[in-house]
2 protein chains.
Amino acid sequence: MMTADGPQRISDSTVHRLSKYYRTLTYLSERGIKTISSEALAQHNGVTAAQVRKDFSCFGTFGRRGLGYNVLELQRNIARIMGLQRKWSVALVGVGNVGRALLDYDQFRIQGFQITMAFDSDPAKIGREFHKVFVRDVFNLENDARAGQVEIGVVAVPVVAAQAVVDKLVLGGVKGILNFAPINLKAPPGVFIRYENMAIEIEALAFAITNPELVRND
Amino acid sequence: MMTADGPQRISDSTVHRLSKYYRTLTYLSERGIKTISSEALAQHNGVTAAQVRKDFSCFGTFGRRGLGYNVLELQRNIARIMGLQRKWSVALVGVGNVGRALLDYDQFRIQGFQITMAFDSDPAKIGREFHKVFVRDVFNLENDARAGQVEIGVVAVPVVAAQAVVDKLVLGGVKGILNFAPINLKAPPGVFIRYENMAIEIEALAFAITNPELVRND
DNA sequence: AATTGTGAACCTCTTCACAGCT
DNA sequence: AGCTGTGAAGAGGTTCACAATT
């Protein structure tokens, strides 16, 4: 019997590692390094060489046996795979401490994520500029996001407001949401949500220090 | 033949989910809800009921068959497991955009992570206060961290400085490091490092939007 | 001689399904 | 009847090991 497998799926772990390899390759190419082996790339990222090769093998063959990988070529390939060879239009919702830090976050700008609009509900913030971005009224989020062709929304509002913001972003045509509020959110199929919660990792540290015998440590 | 298994290890995923369950339980108890089932707790967190029960089963049995879990009791148990029933002394290194946001990050304070010291190398920042925390010279990091009995260090410095900061934190007696610099770091056994990189998740969104057919969606 | 690409083996995590308790 | 706790099955991710290539 023939089973319709559908296309091979890529795991979150692989996607995360590709981001890291990409950063390493940028670092290497800035220093004029032309070639790298899977072993060396692995050591830069705390993984095994086999893991690096398997990650790439999901997308094609980028190296040469006996020689390793060409740094620039591999970098271009990962950029293409990840969608980093172009600019992304991003809207920030919530101009609190976290939001303001993101408005001036190098790692977004460098990778082509341009925060073109910011929104808040606080009248004291609406109409002001932070890091040269004008703060709009979240009331107009749906219309403004659509008019500005926003592709990704960053949610940095309190938990109670987060789902309503997501709903407006979805109506405004956004295709991806990066959520900093510590709550699980719903979006229709075709809209991707990713979660960022800085407290979770520091709690994982508290767990590890409290229970060192229960934690795998390299 | 008898094999010395060592203690059962707990996966990162389980630890992350425990953090999330803990937040849900706080939310429920604030609303006076006394009891919850694994099914309901699962729905709040986008996982399955079996997953919730398996996560708990690593640490003991906290529910009652037929009745579910007592919210407050479960919350206390998770706090104990995660080491959240006490305060943690945290030092922040790097008072840039990200560092300043963390100095006023509710989710740290609420869970008992108190940033008692901040460090920077910029003479324009040393001696000033941000969010009521005095900025010290990173030159004295090792001694000040030891004197202040710092347990966790938060690294929010540029990539080039990150490893040197980790080395000083380790010498200063720190047991856990939360690293925001996009680079892999080394620490001796017994010192735990966790990584936080906000660019990685937005890049995962770019990947998902670019290759929707390759991504598992819900 | 060095290093990739990859099937197979291995290991870990998740889900199933049901016995056991309330 | 409702719901937990858990061994077993299933799915998925990682490592091994080696043929293929430069």
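Residue numbers start from 1 in every chain, and the chains themselves are labelled A, B, ... in the order their sequence lines are given, proteins ahead of strands.
- Considering only side-chain N and O atoms, A:Arg216 lies under 4.0 angstrom from the phosphate OP1 or OP2 of C:dC13.
- Between B:Glu151 and B:Arg86 there is a salt bridge, since at least one side-chain N of the basic residue sits less than 4.0 Å from a carboxylate O of the acidic one.
- For the pair B:Asn70 CG and D:dT4 P, the interatomic distance rounds to 13 Å; values are reported in whole Å.
- With salt bridges taken as basic N to acidic carboxylate O contacts below 4.0 Å, one links A:Arg109 and A:Asp104.
- Between A:Arg194 and A:Asp12 there is a salt bridge, since at least one side-chain N of the basic residue sits less than 4.0 Å from a carboxylate O of the acidic one.
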Footprint string (nucleotides 2-9 of chain C, 5' to 3'): B base within contact, S backbone only, - free, heavy atoms under 4.0 Å: BBBBBBB-
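- When rounded to the nearest whole Å, the span between CG of B:Asp12 and P of D:dG13 equals 15 Å.
- Looking only at atom types and distance, the side chain of A:His16 has no donor-acceptor partner in the side chain of B:Glu203 under 3.5 Å away.
- The phosphate of C:dT15 (OP1 or OP2) has a side-chain N or O of B:Gln51 nearer than 4.0 angstrom.
- When the C1' atoms of four end pairs are superposed on the next four at each end of the helix from C:dA1-D:dT22 to C:dT22-D:dA1, using five pairs per end, the two resulting axes differ in direction by 10°, to 10°.
- Taking the six-membered ring for Trp and the full ring otherwise, A:Tyr69 and A:Phe56 have centroids separated by under 6.0 Å.
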Pair B:Ser89-B:Gln114, side-chain hydrogen bond (donor to acceptor under 3.5 Å, both in side chains): steps then yes or no: CA-CA 5 Å; B:Ser89 168; B:Gln114 302 180 314; over 6 Å; no
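- Whole-Å rounding puts the B:His16 NE2 to C:dT12 C1' distance at 16 Å.
- Salt bridge annotation for B:Lys34-B:Glu73: absent, with no cationic side-chain nitrogen under 4.0 angstrom from a carboxylate oxygen.
- What separates CG of B:Asn77 from P of D:dT4 is a distance of 15 Å, to the nearest Å.
- Spacing between atom CG of B:Leu74 and atom C1' of D:dC3 amounts to 14 Å, rounded to whole angstrom units.
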Check residues 41-50 of chain B and write down every donor-acceptor pair under 3.5 Å in which the side-chain atom is one partner and the other belongs to a residue at least two apart or another chain.
residue: B:Gln43; atom: NE2; partner: B:Glu39; partner atom: OE2; Å: 3.0
residue: B:Asn45; atom: OD1; partner: B:Thr24; partner atom: OG1; Å: 3.4
residue: B:Asn45; atom: ND2; partner: B:Thr24; partner atom: OG1; Å: 3.1
residue: B:Asn45; atom: ND2; partner: B:Leu41; partner atom: O; Å: 2.9
residue: B:Thr48; atom: OG1; partner: B:Gln51; partner atom: N; Å: 3.2

